[in-house]
Amino acid sequence: MNQLLTIHFLWLSILFGPATAMAQVQKHPKQKADTLRTVGADFFALPADTILPGQKRPFTESQRLEGDNKRYLKRAVIPAAVLIGAGIYTIGGRGILSSDDVFNYRHKVFPKFATNADDFAMLAPLVGLYGFNIISSQNRHELGRQTVLLLSSGALASAIVWPTKKLTDRDRPNGKPYAFPSGHTAYAFTIATFMDKEFRHKSPWVSVVSYGIAGGTGVLRVLNDAHWLSDVLAGAGVGIISVNTVYWVQAKLTQGGGLNTAMYPIVLPNGQMGMAMSLTF
């Protein structure tokens with residue numbers, strides 16, 4: 001009987017503990033983390049976080065509204081849809097400036113052009129990313145969270161690019177397979193958009209240079225005969241939508257700020273002290 005009662009008390013403490021913690025947070029929103037209070041026994045409660053661990057306070061109104069649906073539609077979905085749509089429309093000989101037109105112009109003006117710079121140019125903004133983290137305190141997220149967000153964006157871009165390449169099965173200008181969309185361009189615009197998210201508030205030139213390098217990567221892919229114009233346009237759209245989607249989802253999951261957490265000690269049924277934590281998304 002004693003063991004049965006002990007188990008029931010333990011479950012009750014787990015079930016009602018988070019509600020108690022959140023009530024303490026609501027009653028004392030300005031309470032400091034190290035404030036001690038006594039209610040039957042000594043314990044402390046941490047107020048809800050205002051920002052994510054590893055995230056600094058947002059610098060701009062745009063960053064504060066990252067999870068706004070209309071803003072996401074206007075600044076991410078529509079631009080990406082326009083680029084991807086333009087890529088699809090210019091396949092072959094369609095459009096005022098078609099992929100075939102650009103292909104013919106390239107072979108007329110730059111018949112022997114060849115370089116490996118496009119393999120490295122798309123990664124150039126990463127040097128700036130980690131360089132800014134070293135010399136500046138104005139990055140939006142700490143290095144660890146930046147890395148997670150960047151890898152998540154790259155993973156989403158890959159999940160779009162590679163199945164699409166297989167499905168479209170379009171040959172490149174040089175005869176190799178899987179042209180549409182351009183992976184190099186997609187990753188270049190993923191990194192550029194990420195730089196824009198993290199350092200836009202620091203200087204608009206960070207965004208200008210990053211997108212300039214990404215655009216240059218796409219141009220080099222065309223000049224190298226590795227991709228059609230349609231491929232790089234679609235790749236740019238994939239990179240933009242991937243990063244914006246990751247930031248939008250993060251803002252949705254965290255309600256635009258951080259995780260509401262509270263930690264407090266509890267007395268276990270056996271009389272020993274323990275710790276409990278509540279976490280609200």
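What you see below is based on every heavy atom in this structure, not just the backbone, and it leaves out hydrogens, waters and symmetry mates. Here the structure is a predicted model, which means the values were calculated and not measured.
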Main-chain N/O of [Y] paired to [X] side chain as donor or acceptor, under 3.5 Å:
X    : Y    : value
D169 : K166 : no
R172 : A179 : no
S99  : T90  : yes
N104 : D100 : yes
K165 : F180 : no
N224 : T115 : yes

Taking all non-hydrogen atoms of both residues into account, name the closest pair between [X] and [Y] and its distance.
X    : Y    : answer
I84  : A234 : CG1-O, 3.8 Å
A214 : A188 : CB-O, 3.6 Å
S158 : P163 : O-CD, 3.6 Å
D118 : T217 : O-CG2, 3.9 Å
N244 : A76  : CB-CB, 3.3 Å
L83  : I240 : CD1-CD1, 3.7 Å

Consider only side-chain N and O atoms of [X] and [Y], and report whether a donor and an acceptor are under 3.5 Å apart.
X    : Y    : answer
T193 : Y211 : yes
S98  : Y89  : no
Y247 : S153 : no
D196 : S207 : yes
K74  : N69  : no

Should [X] and [Y] count as side-chain neighbours, where that means a heavy-atom distance under 4.5 Å?
X    : Y    : answer
R221 : D119 : yes
D225 : R106 : yes
S242 : I160 : yes
S210 : F194 : no
V246 : V249 : no
L220 : F113 : yes
V206 : R200 : no
T185 : D231 : no

**OP:** Show your reasoning for whether ring pair (Phe, Tyr, Trp, His ring centres under 6.0 Å) applies to F103 and W228.
**Re:** CA-CA 7 Å; F103 173 79; W228 306 94; 5.2 Å; yes
Subject >> Cluster link V238 to I191, ILVMFWY, side chain under 4.5 Å >> reply: yes
Subject >> hydrophobic_cluster_shared for V109 and V219, side chain cutoff 4.5 Å >> reply: yes
Original post:
Between T168 and Y178, is a side chain to side chain donor-acceptor pair (under 3.5 Å) present by the stated rule, with each step listed?
Top reply: CA-CA 8 Å; T168 56; Y178 307 132; over 6 Å; no
Subject >> N-O pairing of E66 and K197 below 4.0 Å >> reply: yes
